[in-house]
**Student:** 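Sharing a structure with you now.
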Amino acid sequence: MSSVNGDLIRDLQARGLIAQMTGDNTLEAFLNEGSRTLYCGFDPTADSLHIGSLVPLLTLQRFQRAGHAPIALVGGATGLIGDPSFKAQERKLNTPDIVANWVEKIRAQVSRFIDFDCEGNPARVVNNLDWTAGLSVLDFLRDVGKHFSVNNMINKESVKQRIEREGEGISFTEFTYMLLQSFDFAELYQNYGCTLQIGGSDQWGNIVGGVDLTRKLHGGHVFGLTLPLVTKADGTKFGKTESGTIWLDPAKTSPYAFYQFWLGTADADVYKFLRYFTFLPVADIDEIEEADRAAQGRPQAQGVLAREVTRMLHGEDGLAAAERITAAMFSGSLKNLTEADLEQLALDGLPCSTLDEAQLADTPLTTLLTECGMAKAGREVKDALGRNAVLINEVAKGAEDNMKAAQCFAPEQALFGRFFVVKLGKKKNHLFVRA
RNA sequence: GCAGGGGUUCCCGAGUGGCCAAAGGGAUCAGACUGUAAAUCUGACGCGCAAGCUUCGGUGGUUCGAAUCCACCCCCCUGCACCA
């Protein structure tokens, strides 16, 4: 089994995807010797993963493409405890049935990124609850806990702020998280010959714990590799927008919203993100960057990024839907849309509502546009109205129209007798359909 | 349990009897400029179209008037003690 691609580590390095490695650079040689088994854990802290998990998921895939066998671990056990790493506050515990429900959703999500039928190095999904649920406290304390030094643990950077910071503390429960995760690695080593754990750079402490424990428990020499935390040049948090977190679940973040998120990437970040989030060869990305630099005006990189990532997560159909809406909303005029086009937009994921004509007379636009989710408060709509930033079928509405919803949405103004495309500001679009 | 320090609008953080819907910063929204970018500038930023309504851990009280004073309670943090 030596059909591995020896350029993997170098490619990861070129993409800036390696934050830290254990083993003084012996990992590369270790990987080149043959197909290895590696794992990455995903804790169920919500009913879906978000784009923060995309880098590790894609990295698992990169390893598989290079001939190694990935294991995606879903943290049915660790999710019950809560990882304190670099968290400012203790987390509230979720009930076991909620976590169990999330586990199943996340299991399905991670499964889409790895190939279970891959000849020679098939992927697997495991749940750490399977080997911890039946473990007795005494056994755990004796067999695992004994190998950990509290002196060592409290010096970990990942829990330092919780221990030192005034006004916060850390419970024994969260403090123990590292032992559980370390035990996972030792178990996977024992049962699947897993010799590498990858994770975000915030996982370094936990990963090293697992490397040590595996050696102490089984005498195994295993490795750890961490991926960089995704940051933005302007310092704001990656993965959040006005409407909240960008989820991987299309029911929570539509392919259109997902596509738009990537399209809005700042120039200062976009080439880095191309390296992180796509499988495009680094050389190709460099070419795009050079071409953009040479050209005046709008770069092509954001478009490439949005297409690549959306296609990867939501498939050709999801991408096509996202592009259809984008084309309709951001270029050309609405006049070019056919009735079938408008019907398709709603199916494609353009936010859509039904108009209740009976209530239009005494419903202010502020209420109408807030309730449909375009704005968080009437104030935003009012502000937009005051600046002529609300367009209904391309007609600007002003503050004086606020109480004239019935006129704004008059049947004779509708496209094909029933559609209204409302724009609030430059980027928010919503389709209203007469009942 | 004792002592000390805290709980303010999304976050940080001012405010210690009226001028407070509550400084300042961040985040966020809209406008201008642009490239659905960044930077910059402008406006908004508890809720409400409005009249107005509801906030400063909770409940009562003092007062013409309280985020600010008093009482009790809840929660968090830091020490100490108890359990040994």
Side-chain angles (χ1 to χ4, degrees), chain A residues 87-92 161-171 174 231-246 256-274 288-289 291-307 310 322-332 350 359-371 373-391 396-408 421-430:
Chain A
K87 302 286 194 314
Q89 292 185 322
E90 180 88 10
R91 284 199 267 173
K92 32 206 167 316
Q161 57 172 326
R162 289 282 288 283
I163 290 174
E164 291 177 353
R165 185 177 159 183
E166 184 95 0
E168 294 298 337
I170 182 168
S171 68
E174 282 198 11
T231 56
K232 294 205 293 178
D234 64 7
T236 56
K237 197 169 159 84
F238 170 75
K240 299 275 186 188
T241 63
E242 62 278 7
S243 39
T245 304
I246 304 295
Y256 162 66
F258 188 80
Y259 177 89
Q260 284 289 325
F261 168 78
W262 295 104
L263 204 57
T265 304
D267 293 4
D269 297 316
V270 71
Y271 306 101
K272 177 168 86 173
F273 287 3
L274 279 168
I288 294 171
E289 184 166 5
D292 281 345
R293 210 189 337 254
Q296 290 297 314
R298 190 177 191 175
Q300 55 171 321
Q302 280 86 349
V304 174
L305 178 66
R307 273 194 299 282
T310 306
E323 292 189 312
R324 271 196 297 273
I325 300 177
T326 298
M329 294 301 118
F330 293 95
S331 59
L350 182 67
Q359 302 200 345
L360 282 183
D362 43 28
T363 306
L365 290 179
T366 46
T367 304
L368 209 55
L369 301 196
T370 302
E371 281 179 354
M374 290 189 86
K376 290 190 198 111
R379 202 126 217 148
E380 289 185 5
V381 178
K382 187 181 157 195
D383 183 47
L385 281 170
R387 292 158 178 272
N388 288 315
V390 175
L391 305 185
K397 299 298 173 185
E400 69 282 3
D401 295 306
N402 191 30
M403 294 309 292
K404 298 180 184 166
Q407 288 163 52
C408 292
V421 173
V422 177
K423 287 182 90 79
L424 194 167
K426 279 182 207 155
K427 297 185 191 173
K428 294 177 185 169
N429 300 288
H430 197 97

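Fair warning: this is a prediction, and the values are worked out from it, not measured in the lab. Residue numbering restarts at 1 for every chain, and letters A, B, ... go by the order of the sequence lines.
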**Student:** If you check the F330(A) side chain, which of rA38(B), rU36(B), rC49(B) turns out closest?
**Tutor:**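 Looking only at heavy atoms from C-beta outward on F330(A), the closest nucleotide is rU36(B).
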
**Student:** Between C1' on rU28(B) and CE on M374(A), what's the gap in Å once rounded to a whole number?
**Tutor:**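 It works out to 17 Å between those atoms.
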
**Student:** Roughly how many Å apart are rC69(B) and rU8(B), using the P atom of each and rounding to a whole number?
**Tutor:**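 It works out to 16 Å between them.
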
**Student:** Tell me if the side-chain of D267(A) makes a donor-acceptor pair with the base of rG35(B), cut-off 3.5 Å, by modelled atom types.
**Tutor:**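 Counting by modelled atom types and ignoring angles, a donor-acceptor contact under 3.5 Å is found here.
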
**Student:** What interatomic distance, in whole Å, is found between C1' of rA66(B) and the corresponding atom of rA22(B)?
**Tutor:**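 The same atom, C1', in both gives a distance of 13 Å.
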
**Student:** Could you check A377(A) against G297(A) and say which one's nearest nucleotide on RNA chain B is further toward the 5' end?
**Tutor:**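 The answer here is G297(A).
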
**Student:** Expressed as a whole number of angstroms, how long is the span from Q302(A):CD to rA37(B):C1'?
**Tutor:**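 Checked: the CD to C1' distance equals 6 Å.
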
**Student:** Would you mind pulling out the nucleotide paired to rC72(B), Watson-Crick or G-U wobble, both distances under 3.5 Å?
**Tutor:**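 Paired with rC72(B), as far as the under-3.5 Å criterion goes, is rG58(B).
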
**Student:** Tell me the interatomic distance from L385(A), atom CG, to rA30(B), atom P, rounded to whole angstroms.
**Tutor:**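 The distance from CG of L385(A) to P of rA30(B) comes to 13 Å, rounded to the nearest Å.
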
**Student:** Identify whether the distance between the nearest side-chain nitrogen and carboxylate oxygen of D383(A) and R379(A) falls below 4.0 Å.
**Tutor:**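 No, D383(A) and R379(A) are not salt-bridged.
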
**Student:** rG6(B) and rC53(B): how far apart are their C1' atoms, nearest whole angstrom?
**Tutor:**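 Their C1' atoms lie roughly 31 Å apart.
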
**Student:** Decide yes or no for Q302(A) and D267(A): does some side-chain heavy atom of the first lie under 4.5 Å from some side-chain heavy atom of the second?
**Tutor:**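 Yes, at least one pair of side-chain atoms sits under 4.5 Å.
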
**Student:** Would you please test E323(A) and Y259(A) for side-chain contact (heavy atoms from CB on, under 4.5 Å) and show each step?
**Tutor:** CA-CA 8 Å; E323(A) 292 189 312; Y259(A) 177 89; 3.6 Å; yes

**Student:** Compare side-chain N and O positions of K427(A) against OP1 and OP2 of rA37(B) and report whether any pair is under 4.0 Å apart.
**Tutor:**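 Answer yes for this pair, as a side-chain N or O of K427(A) is under 4.0 Å from OP1 or OP2.
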
**Student:** Searching all strands shown, indicate the nucleotide that pairs with rA67(B) (Watson-Crick or G-U wobble; both distances under 3.5 Å).
**Tutor:**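 Its partner: none found.
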
**Student:** In whole angstroms, how far is the P atom of rC49(B) from the NZ atom of K397(A)?
**Tutor:**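 Taking atom P of rC49(B) as the reference, NZ of K397(A) is at 18 Å.
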
**Student:** Taking the side chain of K382(A) as its heavy atoms from C-beta onward, which of rU36(B), rC49(B), rG35(B) lies nearest to it?
**Tutor:**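 Nearest nucleotide to the side chain: rC49(B).
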
**Student:** What is the distance, rounded to the nearest whole Å, between atom CG of D362(A) and atom P of rA50(B)?
**Tutor:**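 The distance from CG of D362(A) to P of rA50(B) comes to 16 Å, rounded to the nearest Å.
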
**Student:** Between rC77(B) and rG61(B), how far apart are the C1' atoms? Round to whole Å, please.
**Tutor:**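 Taking atom C1' in both rG61(B) and rC77(B), they lie 29 Å apart.
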
**Student:** Which whole number of Å gives the distance between the P atom of rC75(B) and that of rA38(B)?
**Tutor:**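 The answer is 46 Å between these two P atoms.
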
**Student:** What distance, rounded to whole Å, do you find between the two P atoms, one in rU40(B) and one in rA27(B)?
**Tutor:**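 rU40(B) and rA27(B) have their P atoms separated by 10 Å.
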
**Student:** If you only use heavy atoms from C-beta on, which nucleotide in rG35(B), rC49(B), rA30(B) is closest to the side chain of K428(A)?
**Tutor:**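 The closest nucleotide is rA30(B).
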
**Student:** Tell me which nucleotide, if any, is Watson-Crick or G-U wobble paired with rC33(B) when both distances must be under 3.5 Å.
**Tutor:**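 Its partner is none (no Watson-Crick or G-U wobble pair with both distances under 3.5 Å).
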
**Student:** For L369(A) and rG48(B), what is the distance between atoms CG and P respectively, to the nearest whole Å?
**Tutor:**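 It is 12 Å, rounded to the nearest whole Å.
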
**Student:** Does any non-hydrogen side-chain atom of L391(A) lie less than 4.5 Å from one of V422(A)?
**Tutor:**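 Of all side-chain heavy-atom pairs linking L391(A) with V422(A), none is under 4.5 Å.
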
**Student:** Using the closest heavy atom to pick a nucleotide of RNA chain B for each, name whichever of P364(A) or A389(A) lands nearer the 5' end.
**Tutor:**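 The residue mapped nearer the 5' terminus is A389(A).
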
**Student:** Going by heavy atoms in the side chains, are Q260(A) and T326(A) under 4.5 Å from each other?
**Tutor:**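 Touching, per the 4.5 Å side-chain cut-off.
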
**Student:** Can you tell me, in whole Å, how much space there is between the P of rU63(B) and that of rA14(B)?
**Tutor:**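 That atom pair is separated by 33 Å.
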
**Student:** Quick one: which protein N/O atoms are closer than 3.5 Å to N/O atoms of nucleotides 22-25 of chain B? Pair and distance per line, please.
**Tutor:**
none

**Student:** Under a 3.5 Å cut-off for both contacts, is rA44(B) paired Watson-Crick or G-U wobble with anything, and if yes, with which nucleotide?
**Tutor:**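 In the structure as shown, rA44(B) has rU28(B) as its Watson-Crick or wobble partner.
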
**Student:** Report the distance from atom NZ of K423(A) to atom P of rA30(B), rounded to the nearest whole Å.
**Tutor:**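 Rounded to whole Å, this separation is 12 Å.
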
**Student:** Can you tell if the side chain of D292(A) reaches within under 4.5 Å of the side chain of Y271(A), non-hydrogen atoms only?
**Tutor:**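 A side-chain contact exists here, since the closest heavy-atom pair is under 4.5 Å.
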
**Student:** Is the phosphate of rU36(B) approached by T326(A) (side-chain N or O, under 4.0 Å from OP1 or OP2)?
**Tutor:**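 So the side chain of T326(A) is outside the cut-off, no N or O lying under 4.0 Å from OP1 or OP2 of rU36(B).
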
**Student:** So do the side chains of M329(A) and V421(A) get within less than 4.5 Å of each other, counting heavy atoms only?
**Tutor:**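 In short, these two side chains touch, coming nearer than 4.5 Å.
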
**Student:** Would you say the rings of F273(A) and F238(A) are close, in the sense that their centroids are separated by under 6.0 Å?
**Tutor:**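 Aromatic pair counts; centres sit under 6.0 Å.
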
**Student:** Protein within reach of the bases, or only the backbone? For nucleotides 39-44 of chain B, mark each nucleotide 5' to 3' as B, S or -, using heavy atoms under 4.0 Å.
**Tutor:** ---BBS

**Student:** Does the side chain of L360(A) reach to within under 4.5 Å of the side chain of K404(A), using non-hydrogen atoms?
**Tutor:**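 The answer is no, as the side chains (C-beta and beyond) never meet within the 4.5 Å cut-off.
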
**Student:** Mind checking the C1' distance from rU68(B) to rU55(B)? Whole angstroms is fine.
**Tutor:**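 Rounded to whole Å, the distance is 14 Å.
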
**Student:** Where do V390(A) and V381(A) come nearest, in terms of heavy atoms and distance?
**Tutor:**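 The answer is CG2-O, 4.5 Å.
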
**Student:** Shortest non-hydrogen contact from A377(A) to T370(A)?
**Tutor:**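 Distance-wise, the nearest heavy atoms are C-OG1, 3.6 Å.
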
**Student:** With both distances kept under 3.5 Å, what pairs with rG1(B), Watson-Crick or G-U wobble?
**Tutor:**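 The base-pairing partner of rG1(B), which may sit in any strand shown, is rC80(B).
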
**Student:** To the nearest Å, how far apart are K232(A) NZ and rA38(B) C1'?
**Tutor:**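 Between C1' of rA38(B) and NZ of K232(A): 11 Å.
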
**Student:** Kindly confirm or rule out a cation-pi arrangement of K423(A) over F330(A), judged by NZ or CZ under 6.0 Å from the six-membered ring centre and within 45° of its axis?
**Tutor:**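 Verdict for F330(A): a cation-pi partner in K423(A).
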
